[in-house]
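In what follows, every heavy atom counts, from backbone to side chain, and hydrogens, waters and symmetry copies are set aside. None of the values given here were measured: they were computed from a predicted structure.
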Amino acid sequence: MATSFIRTPRQYEQDCHILHSYFSGNVGAISNKEVVRIFVNRDSNALKLIRQTYSHWYGQDLLQFVSNVQRNNSFARIAYLRMVEPYERDAQLLRHSLFGGSLNLNTLIEVACTRPSSELLQIKHCYQTQYKSDLEKDLTMKISGGFKEILVAVLRSCRNYGSKVDMSLAMCDAKTLYEALESGKNIDQRTIISVLSRRNNGQVRAILSSYKQLYGHELSKSVKRSKCGQFGKELQVVIRCIQHPEKFFAKQLRMKNADGREILIRTVVTRSRIDIKGINKAFATKTGSSLENLVVREFGSSKNKNNDIVVGILVGLIKGG
């Protein structure tokens with residue numbers, strides 16, 4: 001019986017040789033630039049082929065290898081995030097945010113509100129398969145208050161991912177939200193949640209745009225008033241993240257968190273080729289500095305031998321957009 005052989009371009013075989021030399025400790029045989037090039041220039045499909053080729057030649061799952069050492073190794077963390085399937089990555093992020101110790105609301109909001117609804121549906125299915133548990137039920141169990149209702153509504157909305165943006169419907173929903181906020185002594189939370197649960201993220205952005213067009217200000221400003229209470233504050237966070245994800249990420253990067261390096265790595269890797277240039281611009285507007293400079297400050301001063309590669313990959317992804 002003939003042995004099956006994975007046919008891949010010679011360049012991918014060369015990439016595997018470079019990575020195997022690096023991970024085997026034979027760093028003198030390669031340059032840092034060669035490693036950086038792989039993780040900056042190869043797209044997700046190419047990295048998948050590299051994983052398959054690596055397994056064929058060296059009998060080892062490259063993704064599993066970097067997964068085992070990523071906790072205390074920034075380069076391995078970058079390599080893992082670049083190679084893992086996005087929906088699997090996000091299912092893991094959500095699980096860790098809910099059950100990894102203290103609740104991490106920012107990461108929950110990040111995934112639920114910045115991913116397209118079609119991706120959210122894949123993430124929910126992957127979460128169910130991987131953890132034998134329902135994401136919405138887990139979120140309901142772990143979160144209380146307005147965030148629970150709002151985030152569950154956003155997750156439910158992904159069922160409508162296939163529908164195109166309807167501007168006429170967006171106008172109607174904008175008027176409905178205005179009435180829910182303005183007509184009574186208290187805001188109508190049930191109506192707001194209903195709209196969020198029935199409209200995918202793309203349609204919600206159209207509603208928010210229509211709201212500003214109709215009433216001259218963004219909906220997020222309307223929910224700041226005292227009558228909206230804590231629910232209004234929490235709704236504002238979610239709405240702003242859906243409407244302006246680049247500003248949400250830029251704010252996360254400005255905050256002094258214990259997991260600041262993880263946030264920096266995750267933001268650059270997961271938003272490269274999506275909106276990293278917009279995040280860089282929003283970050284520079286508030287700080288007067290760039291994400292490239294932030295990367296160098298975080299990783300450039302360390303004597304860790306991996307950090308030259310870390311800086312090279314992150315800066316390369318930022319510049320590549």
Side-chain angles (χ1 to χ4, degrees), residues 90-91 93-99 102-121 123-124 127 133-161 163 169-170 172-184 186-212 217-249 251-252 255:
D90 287 341
L93 288 173
L94 290 169
R95 184 71 176 185
H96 184 75
S97 298
L98 289 168
F99 298 101
S102 58
L103 183 70
N104 191 329
L105 265 173
N106 285 331
T107 302
L108 292 172
I109 293 168
E110 172 188 330
V111 175
C113 300
T114 68
R115 289 3 179 204
S117 293
S118 57
E119 290 184 14
L120 274 181
L121 194 63
I123 293 164
K124 288 172 66 177
Y127 187 97
S133 186
D134 181 80
L135 177 58
E136 291 176 19
K137 289 182 179 178
D138 285 350
L139 194 147
T140 300
M141 179 177 64
K142 296 293 288 187
I143 301 178
S144 60
F147 273 127
K148 175 174 69 175
E149 293 182 271
I150 296 164
L151 289 176
V152 168
V154 172
L155 289 174
R156 286 178 179 168
S157 72
C158 72
R159 293 173 296 188
N160 306 308
Y161 75 93
S163 55
L169 181 61
C172 292
D173 285 339
K175 293 174 183 177
T176 298
L177 290 176
Y178 183 82
E179 288 296 316
L181 291 168
E182 303 290 346
S183 61
N186 299 309
I187 64 172
D188 183 353
Q189 294 184 20
R190 182 175 296 180
T191 295
I192 295 169
I193 293 298
S194 176
V195 171
L196 288 177
S197 67
R198 290 183 289 110
R199 307 294 184 237
N200 64 43
N201 283 354
Q203 187 67 29
V204 169
R205 281 190 286 273
I207 295 169
L208 297 174
S209 176
S210 298
Y211 191 97
K212 184 175 182 179
H217 61 271
E218 293 189 350
L219 187 146
S220 59
K221 289 188 177 181
S222 295
V223 300
K224 289 176 66 175
R225 294 165 306 164
S226 58
K227 84 169 190 174
C228 298
Q230 185 63 28
F231 177 86
K233 293 178 182 178
E234 293 165 347
L235 179 62
Q236 182 186 40
V237 172
V238 171
I239 284 172
R240 282 182 168 175
C241 186
I242 293 173
Q243 190 171 19
H244 303 294
E246 71 284 352
K247 293 181 180 179
F248 173 85
F249 285 108
K251 184 175 181 179
Q252 296 304 304
M255 295 170 66

Value rounded to 0.5 Å, distance of CD in E182 from NZ in K175: 15.0 Å

Pair I192-F231, side-chain contact (heavy atoms from CB on, under 4.5 Å): steps then yes or no: CA-CA 11 Å; I192 295 169; F231 177 86; 4.2 Å; yes

Side chain to side chain, C228 and L181, heavy atoms closer than 4.5 Å: yes

L139 versus L98, closest heavy-atom pair with distance: CA-CD2, 4.1 Å

Min side-chain heavy-atom separation E218-Q243 under 4.5 Å: yes

Value rounded to 0.5 Å, distance of NZ in K251 from CG in N106: 8.5 Å

Check against side-chain contact (heavy atoms from CB on, under 4.5 Å), F147 and V238: CA-CA 8 Å; F147 273 127; V238 171; 4.0 Å; yes

L93/L108 under side-chain contact (heavy atoms from CB on, under 4.5 Å): CA gap, chis, key distance, verdict: CA-CA 8 Å; L93 288 173; L108 292 172; over 6 Å; no

Atom pair SG (C241) and CD (Q236), whose distance is rounded to the nearest 0.5 Å: 12.5 Å

Within-4.5 Å side-chain heavy-atom neighbours: L105 and L103: yes

Ion pair check, K124 and E136, cut-off under 4.0 Å: yes

Test item: side-chain donor near acceptor, R198 and S194, under 3.5 Å: yes

For the student: nearest non-hydrogen atoms of R156 and R159, plus distance: O-NE, 2.9 Å

Donor-acceptor contact below 3.5 Å, side chain R240 vs main chain V237: no

Check against side chain to side chain donor-acceptor pair (under 3.5 Å), N200 and S157: CA-CA 5 Å; N200 64 43; S157 72; over 6 Å; no

CG on L94 to CD on E110, rounded to 0.5 Å: 9.5 Å

Criterion side chain to side chain donor-acceptor pair (under 3.5 Å) on S222 and Y211, from CA distance to verdict: CA-CA 10 Å; S222 295; Y211 191 97; 3.0 Å; yes

Minimum heavy-atom distance S117-C158, with the two atoms named: O-CB, 3.3 Å

Derivation of the side chain to side chain donor-acceptor pair (under 3.5 Å) call for S209 and R205: CA-CA 6 Å; S209 176; R205 281 190 286 273; over 6 Å; no

R199/I207 under side-chain contact (heavy atoms from CB on, under 4.5 Å): CA gap, chis, key distance, verdict: CA-CA 9 Å; R199 307 294 184 237; I207 295 169; 3.9 Å; yes

Flag, side chain of N201 to backbone of R115, donor-acceptor distance under 3.5 Å: yes

Criterion side chain to side chain donor-acceptor pair (under 3.5 Å) on D138 and Y127, from CA distance to verdict: CA-CA 11 Å; D138 285 350; Y127 187 97; 2.7 Å; yes

Closest non-hydrogen atom pair between S210 and A170, with its separation: OG-CB, 3.6 Å

Where G145 and E234 come nearest, the two heavy atoms and their spacing: C-OE1, 4.2 Å

Point-to-point distance, once rounded to the nearest 0.5 Å, from OG of S144 to CD of E149: 10.5 Å

Candidates I187, V223, I193 - the one meeting side chain to side chain contact (heavy atoms under 4.5 Å, CB included) with L235: V223

Non-hydrogen side-chain atoms of V204 and D173 separated by less than 4.5 Å: no

Separation of D188 CG from E179 CD (nearest 0.5 Å): 10.0 Å

